[in-house]
Colleague: 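Just dropping this structure here.
Since the model is a prediction, treat every value here as computed from it, not as a measurement. Basis for what follows: all heavy atoms, side chains included, without hydrogens, waters or symmetry-related copies.
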Amino acid sequence: MTTTFARRSAALLACAAFGFATSAYAQDKTATIGVLNDMSSLYADIGGPNAVMAVKMAVEDSGLLAKGWKIEVLSGDHQNKPDVGVNIARQWIDTQKVDAIADTPNSGVALAVSNLVKEKNAVLLNNGGASADLTGKACNANTISYSYDTYMLATGTGKALTKAGGDTWFFLTADYAFGAALERDTSAVVTANGGKVLGGVKHPLNTSDFSSFLLQAQNSKAKIVGLANAGGDTTNSIKQAAEFGIVEGGQKLAALLLFINDVHSLGLKTAHGLTFTESFYWDLNDNTRAWSKRFQEKAANKAMPSMTQAGNYAAVLHYLKALEALGGNPHDGAKVVAKMKEIPTDDPLFGKGPLREDGRRIIPAYLFEVKKPEESKGAWDYYKLVATIPAEDAAKPLKDSECPLVKK
């Protein structure tokens, strides 16, 4: 009898403890989000302070503040250095109780922070880091990638240009994780569609002088010079390619990752004719136009949003929906990400689409071409739509995934 009583008492205590724990996190209506990106260098325009603003817009639009939630947004500059990024993220999680880290442009930083959030059971809402490895061989239960990856870029631009007759390629590649992944994924698409890669050259991040690299591209005689870089490196290489007469000499530049901020910086006279792939453009539909005008009014430089800034808004909005669906913040990253994958994704910028088990948000992609100056109707009217890539084609098929979370 004593044993039975003891067992019953233990069971009651366990139930009470469970109920208390559930009630405690259901009452926890707090969350802290850290926006980690490049605030002052070559990726500042595509992320930077305007990405922080986009996250704050998501917090406002979520409606949680009106429901009594307290949500804090922090920001930090990773300086495009994985060790700096990880140190900031670790300090945030350990001392400031940051629940989720957003943005992380620079795949080296994103991969390092992804490992950290797994260790600390926090969340990485990746939008800036392009490497498809984040939802491939390096994926984990605490990381999602929302707006794009190197597979999407390669499938869009690489396939289109190769099929259009650009069957020989030479790559100018940023010498770090992102550039390597983009060259790898684009090379695979080029060869799969009957093209050949004639060579390539790697350049340091944040390069000011591309002359020696462009000479090698010119001497390769490749029909397509693939720019496997981003931000300031892309704009510098395009400007200097014009000085070298690359396009006038019969070669075509493939900007494998191009943002609207880059086109704005280059100007239509220099950028027109560039073909590239994105999953967002401010002028796609009524929803994107309405939100982008709100964004532009708040932006210090009155810029239209980049794909990744839009992605930060959408990813944080979905993250906050998951917290609300859980009834409170459990401060358990894997649990929150599991809920994000469970509930439907639907936002005004990317629409509806699943968040897959590998952490990849499935959305259509768009092949764009930069307009000629005379085709533009005004400021920021830069793109014309060439083709829409269905959502199921824009992401690597799960059957080919190297993600350990994927059940085959």
Side-chain angles (χ1 to χ4, degrees), residues 13-37 51-52 54-56 58-76 78 85-104 109-127 129 134-135 139-146 312-345 355 357-359 361 405:
L13 285 169
C15 287
F18 176 76
F20 176 78
T22 303
S23 174
Y25 98 65
Q27 296 303 314
D28 190 339
K29 302 294 177 67
T30 64
T32 305
I33 302 165
V35 184
L36 184 63
N37 64 24
V52 181
V55 168
K56 289 180 178 178
V59 172
E60 293 167 9
D61 292 351
S62 72
L64 293 190
L65 297 178
K67 296 175 182 178
W69 282 70
K70 292 182 179 178
I71 302 167
E72 185 179 3
V73 177
L74 308 178
S75 62
H78 60 44
V86 167
N87 286 339
I88 293 171
R90 189 182 300 276
Q91 182 180 3
W92 276 352
I93 295 168
D94 289 347
T95 66
Q96 295 175 273
K97 307 304 177 187
V98 164
D99 299 287
I101 294 170
D103 206 5
T104 58
V109 175
L111 288 160
V113 173
S114 180
N115 287 332
L116 178 71
V117 297
K118 179 183 177 182
E119 174 196 332
K120 298 289 187 178
N121 198 20
V123 176
L124 174 58
L125 306 171
N126 171 58
N127 276 287
L134 286 157
T135 53
C139 85
N140 61 54
N142 296 70
T143 294
I144 69 161
S145 286
Y146 218 83
N312 278 300
Y313 172 86
V316 169
L317 199 63
H318 190 60
Y319 167 75
L320 295 175
K321 284 180 183 177
L323 290 186
E324 186 173 26
L326 286 165
N329 189 353
H331 303 288
D332 179 329
K335 188 169 190 173
V336 175
V337 170
K339 178 58 71 172
M340 291 179 71
K341 293 175 181 177
E342 178 187 318
I343 63 177
T345 59
L355 184 60
E357 57 195 286
D358 60 352
R361 170 72 153 92
L405 302 176

Colleague: Donor-acceptor pair, distance only, cut-off 3.5 Å: does the side chain of Lys70 make one with the backbone of Thr30?
Modeller: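 Side chain of Lys70 to backbone of Thr30: no pair is present.
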Colleague: Under 3.5 Å, side chain of Asp61 to main-chain N/O of Leu317, donor-acceptor pair present?
Modeller: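 No, because the side chain of Asp61 does not come within donor-acceptor range (under 3.5 Å) of the backbone of Leu317.
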Colleague: Using every non-hydrogen atom in the two residues, find where Val109 and Gly85 come nearest and quote the distance to one decimal.
Modeller: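 Distance-wise, the nearest heavy atoms are CG1-CA, 4.3 Å.
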Colleague: Tell me which one of Asn127, Leu125, Val73, Ile71 satisfies side-chain contact (heavy atoms from CB on, under 4.5 Å) with Val316.
Modeller: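 Among Asn127, Leu125, Val73, Ile71, the one that satisfies the side-chain contact (heavy atoms from CB on, under 4.5 Å) with Val316 is Leu125.
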Colleague: Between Ala110 and Leu124, which heavy-atom pair has the shortest distance, and what is it?
Modeller: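 Scanning both residues, the minimum pair turns out to be O-CD2, 3.7 Å.
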Colleague: Just how far is it from atom NE2 of His78 to atom CG of Asn37, taken to the nearest 0.5 Å?
Modeller: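 Between atom NE2 of His78 and atom CG of Asn37 there are 6.0 Å.
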Colleague: Would you indicate whether Lys118, at its atom NZ, is surrounded by more than 12 heavy atoms from other residues, nucleotides or ligands within a distance under 6.0 Å?
Modeller: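 Incorrect, the count does not exceed 12.
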Colleague: Would you say the side-chain atoms of Asp103 pair up with the backbone N or O of Val35, donor to acceptor, closer than 3.5 Å?
Modeller: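 A pair under 3.5 Å: no.
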Colleague: How many angstroms lie between atom CG of Leu64 and atom NZ of Lys29, to the nearest 0.5 angstrom?
Modeller: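 Reported to 0.5 Å precision, the distance equals 9.0 Å.
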Colleague: Is a side-chain donor-acceptor pair under 3.5 Å present for Thr143 with Asn126?
Modeller: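 Per modelled atom types, Asn126 and Thr143 side chains form no pair under 3.5 Å.
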Colleague: Determine the minimum heavy-atom distance between Thr32 and Lys97, stating which atoms define it.
Modeller: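 In this case the closest contact between Thr32 and Lys97 is CB-O, 3.8 Å.
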Colleague: Over all heavy atoms of both residues, which pair between Ala51 and Asn312 is shortest? Give the atoms and the distance, please.
Modeller: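 Minimum heavy-atom separation between Ala51 and Asn312: CB-ND2, 3.9 Å.
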Colleague: Taking all atoms of both residues into account, what is the closest heavy-atom pair of Tyr313 and Ala54, and its distance?
Modeller: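 Answer, listing the atom of Tyr313 first, then Ala54: CD1-O, 3.5 Å.
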Colleague: Can you give me the closest heavy-atom contact between Ala122 and Asp99, atom names plus distance?
Modeller: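 Heavy atoms only, the tightest pair is CB-O, 3.6 Å.
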Colleague: Are side-chain heavy atoms of Leu405 and Asn140 found at a separation under 4.5 Å?
Modeller: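 Leu405 vs Asn140: side chains apart.
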Colleague: Mind checking the CD1-CG spacing from Ile343 to Leu355? Nearest 0.5 Å is all I need.
Modeller: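 The CG atom of Leu355 is 9.5 Å from CD1 of Ile343, to the nearest 0.5 Å.
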Colleague: Indicate yes or no: does Glu119 engage Arg90 in a salt bridge with an N to O separation below 4.0 Å.
Modeller: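 Arg90 and Glu119: salt-bridged.
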Colleague: Could you pull out all residues at least two apart from Glu324 that satisfy side-chain hydrogen bond (donor to acceptor under 3.5 Å, both in side chains)?
Modeller: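 Lys67.
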Colleague: Please report the interatomic distance CG(Leu326) to CG(Asn329), rounded to the nearest 0.5 Å.
Modeller: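 Between atom CG of Leu326 and atom CG of Asn329 there are 8.5 Å.
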Colleague: Measure the spacing between CH2 of Trp92 and OG of Ser75 and express it to the nearest 0.5 Å.
Modeller: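 So the gap between those two atoms works out to 6.5 Å.
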Colleague: Look up atom CG in Leu320 and atom CE in Met340, then write down how far apart they are to the nearest 0.5 Å.
Modeller: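 It comes to 9.0 Å.
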Colleague: Please report the C-alpha distance between Leu134 and Leu111 in whole Å, then the side-chain angles of each, then the deciding distance to 0.1 Å, and finally whether the side chain to side chain contact (heavy atoms under 4.5 Å, CB included) criterion is met.
Modeller: CA-CA 7 Å; Leu134 286 157; Leu111 288 160; 3.6 Å; yes
